[in-house]
Engineer: 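Sharing a structure below in structure tokens format, with a few things to ask.
The shown structure was predicted, so the numbers you read here are calculated from the model rather than taken from an experiment.
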Amino acid sequence: MLRYGLLGKPPMTQRETAKKCGISRSYVSRIEKKALDKLKNAMSDDKPVT
């Protein structure tokens, strides 16, 4: 939500998101990649996302 500016908020960089969440920028990147992969899988077939 922070990275993409949902709910009328401005989008934040990975660095800003990491600082706000108290984690590393690389961890934000890994979380983001995993979430995007889940979305891609959900859109490409009818299997439930876990």
Side-chain angles (χ1 to χ4, degrees):
M1 201 155 79
L2 298 173
R3 284 280 293 133
Y4 296 99
L6 302 177
L7 302 175
K9 307 276 182 165
M12 296 174 73
T13 64
Q14 285 183 346
R15 188 167 314 233
E16 292 167 332
T17 301
K19 186 173 181 179
K20 184 173 182 89
C21 295
I23 58 177
S24 70
R25 190 218 44 86
S26 63
Y27 191 50
V28 170
S29 181
R30 284 181 292 200
I31 293 168
E32 185 175 349
K33 182 183 180 331
K34 188 174 179 179
L36 290 173
D37 287 344
K38 283 185 176 186
L39 285 172
K40 285 178 193 175
N41 287 336
M43 293 176 71
S44 66
D45 58 30
D46 294 328
K47 295 178 185 174
V49 178
T50 58

Engineer: When rounded to the nearest 0.5 angstrom, what is the spacing between CD in Q14 and OG in S24?
Structural biologist: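 Between Q14 CD and S24 OG, I get 10.0 Å after rounding to 0.5 Å.
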Engineer: For L2, which fellow cluster members are found when Ile, Leu, Val, Met, Phe, Trp and Tyr are connected by side-chain heavy-atom distances below 4.5 angstrom, either directly or through intermediates?
Structural biologist: M12
Engineer: Got a second to check how far L36's CG is from R3's CZ, nearest 0.5 Å?
Structural biologist: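 Between atom CG of L36 and atom CZ of R3 there are 9.5 Å.
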Engineer: Once rounded to the nearest 0.5 Å, what's the spacing between atom NZ of K34 and atom CG of L39?
Structural biologist: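 These two atoms lie 13.0 Å from each other.
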Engineer: Ignoring hydrogens and angles, write down the donor-acceptor pairs under 3.5 Å from the side chains of residues 16-23, residues two or more places apart or on other chains.
Structural biologist:
unit_1	atom_1	unit_2	atom_2	d
E16	OE1	T13	N	2.8
E16	OE1	T13	OG1	3.4
T17	OG1	T13	O	2.9

